[in-house]
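For reference, the structure discussed in these notes is given below.
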Amino acid sequence: MPIIATGGIGDTRGIAAALTLGASAVQIGTAFLRCPEAATNLAWADALVELEPEATMSTRAFSGRLGRAIATNYVRAAAAPGAPPAAPYPVQRALTTAMRDAAGRSRDVHRMQAWAGQAAALARAEPAGDFVLRLWREAEDLLPAA
């Protein structure tokens with residue numbers, strides 16, 4: 001049965017480890033956010049550069065669906081004791097639309113829907129094609145010969 005490893009993978013060591021442990025493939029997410037093709041808002045992309053894993057948290061605050069985001073002021077306030085629970089999707093998404101749009105225009109990461117996995121600091125500002133080629137070539141060097 002094919003297994004696709006995901007979560008916290010954004011560098012060659014993670015790829016090689018997952019494949020060595022039996023995964024058929026890996027999925028990389030957040031590591032692509034700084035690639036120019038992603039067109040990620042600069043405030044969001046800049047916040048990823050040195051983001052510690054502990055500076056992310058699971059939240060429903062933006063959409064009503066669970067996702068991992070940068071622990072911004074809004075995300076922390078939404079998780080605070082006594083904060084109202086998020087409305088279900090898509091209601092919560094509609095409720096936060098104006099805030100998210102304004103945050104994007106003003107480059108305010110604290111009100112922006114800034115998704116980020118725990119390995120966000122592995123993201124690099126390089127073209128996606130170059131990123132994938134580099135990761136695969138470097139991971140191949142770490143993998144045992146077939």
Side-chain angles (χ1 to χ4, degrees), residues 1-80 83 86 88-90 92-146:
M1 173 180 294
I3 303 286
I4 300 172
T6 186
I9 300 172
D11 67 359
T12 56
R13 293 175 305 156
I15 294 168
L19 296 174
T20 299
L21 292 171
S24 305
V26 298
Q27 176 182 319
I28 297 173
T30 303
F32 282 104
L33 287 176
R34 292 189 60 224
C35 294
E37 295 88 343
T40 304
N41 185 290
L42 289 177
W44 178 5
D46 289 347
L48 299 174
V49 174
E50 294 183 19
L51 192 68
E52 295 292 328
E54 299 80 17
T56 66
M57 58 191 291
S58 297
T59 185
R60 294 182 187 277
F62 294 107
S63 69
R65 289 187 175 160
L66 191 61
R68 182 166 290 281
I70 296 172
T72 61
N73 295 343
Y74 172 70
V75 172
R76 287 191 303 270
Y89 176 85
Q92 184 70 20
R93 184 155 177 78
L95 291 172
T96 63
T97 297
M99 176 188 70
R100 291 182 290 108
D101 290 348
R105 286 189 302 275
S106 66
R107 295 190 175 156
D108 178 1
V109 73
H110 287 282
R111 296 180 301 133
M112 175 181 300
Q113 182 173 292
W115 301 122
Q118 290 180 298
L122 297 174
R124 292 189 184 175
E126 66 181 301
D130 294 347
F131 176 61
V132 171
L133 276 174
R134 180 180 56 76
L135 286 181
W136 181 244
R137 287 181 179 145
E138 290 175 9
E140 278 185 313
D141 292 340
L142 298 175
L143 293 169

Take a 6.0 Å sphere around [atom1] of [X] and say whether it holds more than 12 heavy atoms from other residues, nucleotides or ligands.
X    : atom1 : answer
R124 : CZ    : no
R13  : CZ    : no
E37  : CD    : yes

Report the distance from atom [atom1] of [X] to atom [atom2] of [Y], rounding to the nearest 0.5 Å.
X    : Y    : atom1 : atom2 : value
Y89  : L66  : OH    : CG    : 14.5 Å
D101 : T96  : CG    : OG1   : 9.0 Å
M112 : R100 : CE    : CZ    : 11.0 Å
D11  : L142 : CG    : CG    : 9.5 Å
Q113 : T72  : CD    : OG1   : 10.5 Å

Over all atoms of both residues, closest heavy-atom pair of [X] and [Y]:
X    : Y    : value
A69  : T59  : CB-CG2, 3.9 Å
A120 : L51  : CB-CD2, 3.8 Å
G10  : F131 : O-CZ, 4.1 Å
Q118 : T56  : CG-OG1, 3.6 Å
A139 : T12  : N-CG2, 3.7 Å
P2   : S24  : CA-OG, 3.4 Å

Find out whether [X] and [Y] are in side-chain contact, i.e. whether some heavy atom of one side chain is under 4.5 Å from a heavy atom of the other.
X   : Y    : answer
R93 : R65  : no
T40 : R34  : no
Q92 : S63  : no
I70 : V75  : no
I28 : L135 : yes

Under 3.5 Å, which donor-acceptor pairs link side chains of residues 41-48 to any protein atom two or more places apart or in another chain?
from : atom 1 : to   : atom 2 : distance (Å)
N41  : OD1    : A43  : N      : 2.9
N41  : ND2    : G104 : O      : 2.9
W44  : NE1    : W115 : O      : 2.9

query = Which of parallel (below 30°), tilted (30 to 60°) and perpendicular (above 60°) describes Y74 and F62?
reply = tilted
